[in-house]
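Predicted model only: the values in this text are computed from it and were never measured.
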Amino acid sequence: MTYLVRTLFFVLSFIVDSLLAHASAASVGVTKELVDLGKLPSGRSAKITLWFPQGQCGALPNQQHCLAEAAITDRTIVFSHGAMGAAENYNWIAESLAAAGYVVVGINHYGESWLYGQDTQDMRATSMLWQRPTDISAIYDALSNRELFQKSVNWSNIIALGHSSGGQTVAMLAGVQYDLLRMMDFCKTEAAKNDNSCNYGIRNAPKPGETFLQKFGGAYADARVKKIIMIDPTLGYGATPESLANAQLPTLIVGAQNNDFLPWQNHGARYAKGIKNSKFHLLTGEEGHFIFLDACNNEILVMGVPLCKDRAGVDRAATHAALIPPILEFVRETNIVIDAPKQFAEREQAAFNFEKITQILMYTPQWVFGLLAGLVVLGLMQVRTRQVPIQAVFIMPVAMTMMSLIGTLMDLGFTAITISCWLLGAVSLTLLLVKIISNSSVAYNHTTRKLTLQGSWIPLLVILAIFCTRYALGMSFGMNLNIVHEFYFAPLMSLILGALSGYFIAQGIKYLQVVRRPAELVASV
């Protein structure tokens, strides 16, 4: 009887919510857009599927989207899909949330999502749990530095929603951590016999190395996440009890009691028991794991379980209709602290937050640090007074100039403006320094054909300035910061890199002047 009453209540609620949603959609509509954010600092591609209430705007600059005036802008909803899927598979819930006024950001996880092409899909990516939450954090960093709509959206308040692996992903954003060795032990027990999550390689996998274990069990909480919704989440048996107890965010867990893929007791029930500030909504019929995907029409089997065909007596569309009201109710609950929308503060945090800087450094290719080490050694060699053969003295000025010029063209493009600004900076500073560089820093011995160069810290500082400028350029493009789209960005950065090169060009000119002087006039430059 209680179940019938609850079902009737949810159906009535759905009818009311649907009428409100249709009234809203009639006036503003719901739009879905695929947005390519380019490369993340990790080097991973990032394409998001965006659902939002459509407004009525004129022409908008910089590929902005038109958001309805009545849209909710003090928070957004992020959605993380299941293993090897895509955000596109969950229109039923994303469209309903957008119709209710929310901006929904669907994440397409590179390496798993078919959206990037089948050749990019790799089943091994499902074991690299850390990539999913770091994807989401990095994508929100990029969004907070991008004017996606014609009106401001506060990207600092996130309601995180996910299905299956996506449910485990949003748990990680709330602070839940996982123990791979614990999971491997569980998958060898009788309780895991019908648990398909163990068939992703957990049951028979060899013991991984320490680095993998550390990344797998790392902490990936994001303070911007205010509440989470886990739809039939996976890896419940692998979540550490301590991290579950410490997860304080309001949590809704949706599951299927008679699951055909992930047994409720192994997964959803463990999250519900471990997270104190949680509640659950359980389907008690014959609904299976894939009931939470859009209706589809194919014969695909996932580990023997049909992706599109539900068990007898199950209506996928009706189940979706019944689930929307409790999910919307939880989303609308005023049980979170809303951070004030301070755009400048957000951008400062996105740029200088220690955790984000750590992520950027973590995913920087090792050869970059090797290059930095080599440049530092080269710069330190300039600190001491030394004698250098004439054949070698011009190597560094030429090398640093070429490094700056080639890097500028690679990062900012082979355009007339880029080249002109670089040359302007280089020529201007070269002419200035040729006049003011001391004439006592270099001496040339015509007999030994060697130059005596006095030590200085300036070359090291200029070398580091060139490296840091180029690194910042790469980071800005990787994070797709708004500033890279400004009209002045490329000319300004070209000018700076050209000016820094001017120091080494001036050095080379001074060396040449000293070498060409008659022996009796060899005073230095």
| message | Using 0.5 Å steps for rounding, measure from the CG atom of D310 to the CZ atom of F290. | response | 10.5 Å

| field | Carboxylate-amine/guanidinium proximity below 4.0 Å for E112 and R132 | value | yes

| query | Taking atom types as modelled and ignoring hydrogens, do the side chains of D294 and H320 form a donor-acceptor contact shorter than 3.5 angstrom? | reply | no

| query | Should Y90 and F292 be marked as a ring pair (Phe, Tyr, Trp, His ring centres under 6.0 Å) after you check the CA-CA gap, both sets of side-chain angles, and the distance that decides it? | reply | CA-CA 8 Å; Y90 301 88; F292 304 106; 9.2 Å; no

| query | Does the gap between the ring centers of Y271 and W264 come in under 6.0 Å? | reply | no

| remark: Heavy atoms of G288 and D260 approach each other most closely as CA-OD1, 3.3 Å

| query | Taking the six-membered ring for Trp, is the centroid-to-centroid distance between H81 and H163 below 6.0 Å? | reply | no

| Can you name the nearest heavy-atom pair linking I324 to S96, along with the distance? | CD1-OG, 3.0 Å

| query | Regarding D222 and S137, is there a side-chain donor-to-acceptor distance under 3.5 Å anywhere? | reply | yes

| field | Residue that, paired with W155, satisfies side chain to side chain contact (heavy atoms under 4.5 Å, CB included) out of I139, N145, V105 | value | V105

| said: Can a side-chain donor-acceptor contact be found between N258 and T284 if the only test is distance below 3.5 angstrom? | reply: no

| Is the side chain of S243 donor-acceptor paired with the backbone N or O of Q177 at a distance under 3.5 Å, no angle test? | yes

| query | Would you say the side chains of R203 and N199 form a donor-acceptor pair under 3.5 Å? | reply | yes

| Interatomic distance, D135 atom CG to T169 atom OG1 [nearest 0.5 angstrom] | 9.0 Å

| request: Drop me the distance from L282's CG to E287's CD, to the nearest 0.5 angstrom. | output: 9.0 Å

| task | State the NZ-OG1 distance between K32 and T49, to the nearest 0.5 angstrom. | result | 7.0 Å

| field | Nearest-0.5 Å distance, CG of residue N194 to CG of residue N259 | value | 11.0 Å

| field | Side-chain donor-acceptor pair present, N157, D74, cut-off under 3.5 Å | value | no

| field | Spacing of OH belonging to Y110 relative to CZ belonging to R44, to within rounding of 0.5 Å | value | 8.5 Å

| Between F216 and W130, what is the shortest heavy-atom contact and its length? | N-CE3, 3.6 Å

| Counting heavy atoms not belonging to K309, are there more than 12 under 6.0 Å from its NZ? | no

| side chain to side chain contact (heavy atoms under 4.5 Å, CB included) evaluation trace for T319 with L283 | CA-CA 9 Å; T319 302; L283 302 176; 3.8 Å; yes

| NZ/NE/NH1/NH2 to OD/OE distance under 4.0 Å, E88 and K47 | no

| query | Is the closest basic N to carboxylate O distance between R224 and D141 below 4.0 Å? | reply | yes

| message | Would K227 pass as a cation-pi partner of F330, given that its NZ or CZ must be under 6.0 Å from the six-membered ring centre and within 45 degrees of the axis? | response | yes

| said: Under a 3.5 Å distance rule, please check whether E69 uses its side chain to pair with a backbone N or O of G55 as donor and acceptor. | reply: no

| query | Do H65 and T31 have side-chain atoms, one donor and one acceptor, less than 3.5 Å apart? | reply | no

